[in-house]
Q: 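What follows is a single structure, and I will ask about it in a moment.
Hydrogens, waters and symmetry mates play no part in the numbers below; they use all other heavy atoms, side chains included.
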Protein chains: 2
Amino acid sequence: MAGIYLNEDNSHYFMERADKASDIKEIRDFILQYERTNVEKMFLCASCQKTNFPTKTGSIIFEDVDYDSPLFDRLSNFSKWSMAVGDIVAKGIDIYSIWIDTLRETGISPWMSMRMNDVHNADDINSLIHSAFYKNNLDYRRAMYRDEKWEDRQLDYMIKEVRDYHFGLVLEYFEKYDFDGLELDWMRFGNHFKAGYEDEGRAVLDDFMRRTKETALKYEKIRGHRIELAARVPVKPESAFDMGMDGAGWARAGYVDHLIPSPFWHTSQADIPVERWKQLVYGTSCRIAPCIEICLRQYAFPGCKNEFQYNSIETIKGAAKSFVDRGADAVYLFNYMDRQSAPYDEAGYREIITSVGKNELMNKGIRRHVLTFNDRQPEGMPSDERLPCMLKKKKFEGFRIHTGTAVAGEARFALLSFKGREDISSTDIEVYANGRKCVFDGKKDPGHPRPVNTTFAWRMPAESVKDGYQVLEVVACDEGFVLDWLEIFIG
Amino acid sequence: MAGIYLNEDNSHYFMERADKASDIKEIRDFILQYERTNVEKMFLCASCQKTNFPTKTGSIIFEDVDYDSPLFDRLSNFSKWSMAVGDIVAKGIDIYSIWIDTLRETGISPWMSMRMNDVHNADDINSLIHSAFYKNNLDYRRAMYRDEKWEDRQLDYMIKEVRDYHFGLVLEYFEKYDFDGLELDWMRFGNHFKAGYEDEGRAVLDDFMRRTKETALKYEKIRGHRIELAARVPVKPESAFDMGMDGAGWARAGYVDHLIPSPFWHTSQADIPVERWKQLVYGTSCRIAPCIEICLRQYAFPGCKNEFQYNSIETIKGAAKSFVDRGADAVYLFNYMDRQSAPYDEAGYREIITSVGKNELMNKGIRRHVLTFNDRQPEGMPSDERLPCMLKKKKFEGFRIHTGTAVAGEARFALLSFKGREDISSTDIEVYANGRKCVFDGKKDPGHPRPVNTTFAWRMPAESVKDGYQVLEVVACDEGFVLDWLEIFIG
């Protein structure tokens, strides 16, 4: 049994509610929908580069926005967001304080979340989403010699001005809002240094976290209650360390009370080494709350061409059950916001926010454990994407999938798909689960999410059923099979 | 500054000294050569599957050997080994006790090392190297459904009889020999469970280590001095954990006093995350002694076709300096035995055993930091070999190499080689070090070890010089370049 930590991003409410966003009932109702769900803490994100609140340090979302420009009209989502925040500020409404109070009323712990190095739209330096600080300091970007992707345009935290600017925003969060805790979101986005300077960077972020903790302690006296800190960090402790974000070290130093091992965005990663995180923070009170992203892809965007690239309730239950069985203290949901028509309908959303983390509900019905990958690796380390995987004839190709604790009576299937194959025979492919041969069971459609081509099922023998990790091995009996999808389907 | 832990394997002395092996002066001289070197502890390995000492539990090396069979004659190395041990036993010589005493005389701490799951020659079940226990229990082998390599024929430690048999041998080591410590060598070979059962296996090995520690405590009273334990485990703590060998957990439980993160055999791995090992055993007195293997390959045997596939003093100094600068308490040398003509001559051997671990010597002259790989990964995880690497036109391909602390005045070069290329021009390839562009410097032969094709140098700019990790990025300006070798050459 674990509660949900729910992240509400900094644009969704304003884009979605648009001209209703300043309505006090709308503001309160937005929070009240989470009453009597399994949401334990809500993380209200109030800034990317720009803030949703008036700021002396940074730039509010509508700063330097020319409402009359034709550019502005074309950005309908940005327009809604910017105008909604403008309307709220003009009316003197302090929306985050209202949300914090409403969360306390409902028994949900109110948190805020600050994105530490957001570079949405960084390819377009004229984008209205960029802060004045970013646009005025283009030489602070970390990897412009390379400039292959948005992350190369993240700011370099080895530069004192970058740290000072962001610490100024941290202080504003504390000054303005009476939250139970503040999350520093180091995974939006996840690269904070020039390539090669991650070890030096680790010392710098350690100090940043230490100063943030000092600030929290100071504000505990002002607010009269405990103020905790959380950090979103990479999925694997060793990647976090090698990327300069030593979450476990921060926990041991007493700087953070919650760590959120998180993918970046390309995909959820259901295989988060919770046991090892717990081992690393042993002896502290730090809680581990692994993150489920909304996206699910077997390899990175844009190579992955699946029709539906989101988690469904079955894949969420798979990941969440595995996390909880491995010792997670909570399940963190990122990008699971209301009224998003693509990934779920209204009833689906209710099911997610009420059942995720509750063993008795997660153990019922279908669970799916899909092989994905870690979408953030240290500089100089390649992606660990396993798919698509060209199988060598008669060679065993092994994969690890964690399925949590086995539930009595469940049937387990390995589900595989191969590029361009709509039919295969029982003699084309052999599948082994934990060293035991599985039995071909023909086509089986697991529903969303699914790969482009047909999925085929192999029944895992009863003797192979065990807790925790399952090693699946795939052997192609001929050349030419490219594995494109792998999951364990339990139901 | 760190001492050397030197492993002497269980066949080398007997094969090399052959009919002189029972000569008492030869026996003592073998040890005395290490006097006044930097060897701090010597690990005398006395068993693979068979032992070099009379045993009630197992099989001595000459057991079931038919000296008259033509097969025996053909195995000249095995013949020398087996007959030398036979001769020593027949003469009533207790060679390990003599070695232990001589080591104490010379001020070197005498240790013994037991191989926990050795499967040399496992493809040939009639090989004379196999113990009776192994041959009589072929159904204890771990992965015969797959049977692709020797390791699939390792014994499954989930089987109680396997544990009991090996624990019986552990007890014999304690009963027979008065050592300062015993090493359990879990990396000869490194797979102890059926695929998928590594987490369950971890509990089983934890218990095995606990019982070994209890035995050590019992023998401390008998011997009247402290008896330490060591374990060879995989290079990365997370791989060790996921393979069921939780070295860091053993240290925290007080079961081991020394951990030896070790490659298997294909190659040395100069990038061992010593800091993270130290962090994991923080608060214990466990020392971390990363291992340098004799082999050095950029990718696995037999694909790797280099003429010379061993470390040289320059690559050893590179790895050892990196280890020590990262906090290693000692440097462990595996397969660095005397009178091996291929990897080093007599003077070269003296240099290795006297200078490795000593900063003032390692910092002098040429150091080479060659990109290799981890040759043992958990079941279901692919090899992390990066080479050979087909470069994509105009795409940055990044690599991480750890070079330890920078030494003032040193010149650094990135050395690269490309499959089939004996000439390239300055416009073919760009190399970046820590985000700074390097300058093409033409062909440069680093000496042994080296790849098949010519190596080319790029001078790393002074501004790129830093301690610790270096991120090298390689960009091919056209199609068709396959990177086959990468190193940082410092001199």
Side-chain angles (χ1 to χ4, degrees), chain A residues 142-148 152 156 193-200 202 236-238 241-242 246 248-249 252 273 275-276 279-280 282-283 371 377-382 384 386 389 394-402 430 432-437 464 466-473 475, chain B residues 142-148 152 156 193-200 202 236-238 241-242 246 248-249 252 273 275-276 279-280 282-283 371 377-382 384 386 389 394-402 430 432-437 464 466-473 475:
Chain A
R142 59 180 283 274
M144 291 307 289
Y145 70 97
R146 185 169 64 192
D147 199 20
E148 289 183 334
D152 293 341
D156 178 4
F193 312 103
K194 283 186 159 62
Y197 292 86
E198 296 78 11
D199 287 339
E200 293 77 4
R202 192 164 54 241
K236 294 186 288 185
E238 54 276 13
F241 186 88
D242 282 339
D246 183 18
R252 287 192 300 265
E275 309 86 348
R276 293 199 288 104
Q279 211 182 36
L280 283 162
Y282 183 78
L371 181 76
Q377 299 275 76
E379 287 282 352
M381 277 187 64
D384 67 354
R386 299 293 309 280
C389 175
K394 305 258 182 193
K395 285 279 172 198
F396 283 72
E397 189 74 38
F399 303 88
R400 290 161 72 79
I401 294 183
H402 198 285
E430 291 177 0
Y432 292 80
N434 305 319
R436 311 263 182 179
K437 197 167 178 180
S464 77
K466 62 183 283 293
D467 296 343
Y469 273 115
Q470 318 300 320
V471 172
L472 291 183
E473 291 175 282
V475 186
Chain B
R142 59 181 282 274
M144 292 306 289
Y145 70 97
R146 185 169 64 193
D147 198 22
E148 289 182 333
D152 292 340
D156 178 4
F193 311 103
K194 285 187 159 60
Y197 292 86
E198 296 79 10
D199 286 340
E200 293 76 5
R202 191 162 56 241
K236 293 185 290 185
E238 54 275 14
F241 186 88
D242 282 339
D246 183 17
R252 287 192 300 265
E275 309 87 346
R276 293 198 289 103
Q279 211 183 38
L280 283 163
Y282 183 78
L371 181 76
Q377 298 274 75
E379 287 281 355
M381 276 186 64
D384 66 355
R386 298 293 307 282
C389 175
K394 306 255 182 198
K395 285 279 171 198
F396 282 72
E397 189 74 39
F399 303 87
R400 288 162 74 80
I401 294 183
H402 198 285
E430 291 176 1
Y432 293 79
N434 306 320
R436 309 265 183 179
K437 198 167 178 180
S464 77
K466 64 182 283 294
D467 296 342
Y469 274 115
Q470 317 302 319
V471 171
L472 291 183
E473 291 176 281
V475 186

Q: Given that the side chain runs from C-beta out, which part of B:Y282 has a heavy atom under 4.5 Å from chain A: side chain, backbone, both or neither?
A: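 Neither; nothing under 4.5 Å.
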
Q: If you tally heavy-atom pairs under 4.5 Å against chain B, which of A:Q279, A:E200, A:Q470, A:M144 wins?
A: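 Of the candidates given, the most pairs with chain B belong to A:Q279.
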
Q: Against chain B, label A:K236 side chain, backbone, both or neither, depending on which of its atoms sit under 4.5 Å from a heavy atom there.
A: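 It is neither, since no heavy atom gets under 4.5 Å.
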
Q: So, the side chain of A:K466 versus the backbone of B:G196: is there a donor-acceptor pair under 3.5 Å, distance only?
A: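 Yes; judged by distance alone, with no hydrogens or angles, the pair exists.
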
Q: Relative to chain B, which segment of A:R386 carries a heavy atom at a distance below 4.5 Å: side chain, backbone, both, or neither?
A: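 Just its side chain gets close to chain B.
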
Q: Please flag which part of B:A143 lies under 4.5 Å from any non-hydrogen atom of chain A: side chain, backbone, both or neither.
A: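 Answer is neither: B:A143 stays 4.5 Å or more from chain A.
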
Q: Relative to chain A, which segment of B:R252 carries a heavy atom at a distance below 4.5 Å: side chain, backbone, both, or neither?
A: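 When you check distances to chain A, only side chain atoms of B:R252 fall under 4.5 Å.
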
Q: Would you indicate whether the side-chain heavy atoms of A:E397 and A:V475 approach each other to under 4.5 Å?
A: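 A:V475 vs A:E397: side chains apart.
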
Q: Counting heavy-atom pairs under 4.5 Å to chain B, which of A:G249, A:P382, A:G380, A:P273 comes out on top?
A: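 Option with the top pair count is A:G380.
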
Q: Between A:R276, A:M381, A:E198, which shows the greatest number of heavy-atom pairs under 4.5 Å with chain B?
A: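 Most heavy-atom pairs within the cutoff with chain B belong to A:R276.
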
Q: May I ask you to name which of B:L280, B:L472, B:D467, B:D242 has the most heavy-atom pairs under 4.5 Å with chain A?
A: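 The option with the most such pairs is B:D242.
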
Q: Does any backbone or side-chain atom of B:K395 lie under 4.5 Å from a heavy atom of chain A? Answer side chain, backbone, both or neither.
A: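 Both backbone and side chain of B:K395 come within 4.5 Å of chain A.
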
Q: Partners of B:Y197 by ring pair (Phe, Tyr, Trp, His ring centres under 6.0 Å), sequence neighbours excluded?
A: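 With neighbours one apart ignored, the set is empty.
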
Q: Pick one of side chain, backbone, both or neither for A:D246, based on which atoms fall under 4.5 Å of a heavy atom in chain B.
A: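 It is the side chain, since no backbone atom gets that close.
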
Q: Check whether A:F241 gets within reach of chain B through its side chain, its backbone, both or neither, counting any heavy atom under 4.5 Å.
A: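 Interface part for A:F241: side chain.
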
Q: Is chain A contacted by the side chain of B:E379, its backbone, both, or neither, given a heavy-atom distance below 4.5 Å?
A: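 For B:E379, the contact with chain A is made by backbone and side chain together.
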
Q: Looking at B:R142, B:E148, B:K194, B:R436, which has the largest count of heavy-atom pairs under 4.5 Å with chain A?
A: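 Ranked by heavy-atom pairs under 4.5 Å with chain A, first place is B:E148.
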
Q: Pick one of side chain, backbone, both or neither for A:E238, based on which atoms fall under 4.5 Å of a heavy atom in chain B.
A: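 Contact with chain B involves both backbone and side-chain atoms of A:E238.
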
Q: Is a donor on one side and an acceptor on the other found under 3.5 Å between the side chain of B:D156 and the backbone of B:F193?
A: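 No, the answer is negative, given that no donor and acceptor are paired below the 3.5 Å cut-off.
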
Q: State, to 0.1 Å, how close B:Y145 and B:A195 come at their nearest heavy-atom pair, and which atoms those are.
A: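 Closest approach of B:Y145 to B:A195: OH-CB, 3.7 Å.
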
Q: With sequence neighbours left out, write down each residue that passes salt bridge (charged side-chain N to carboxylate O under 4.0 Å, His left out) with A:R202, or none if nothing qualifies.
A: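 Listed in chain order: A:D199.
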
Q: Against chain A, label B:Y469 side chain, backbone, both or neither, depending on which of its atoms sit under 4.5 Å from a heavy atom there.
A: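 Both backbone and side chain.
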
Q: Closest approach of A:E473 and A:G398, non-hydrogen atoms and distance?
A: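 For A:E473 versus A:G398, the nearest heavy atoms are CG-CA, 3.9 Å.
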
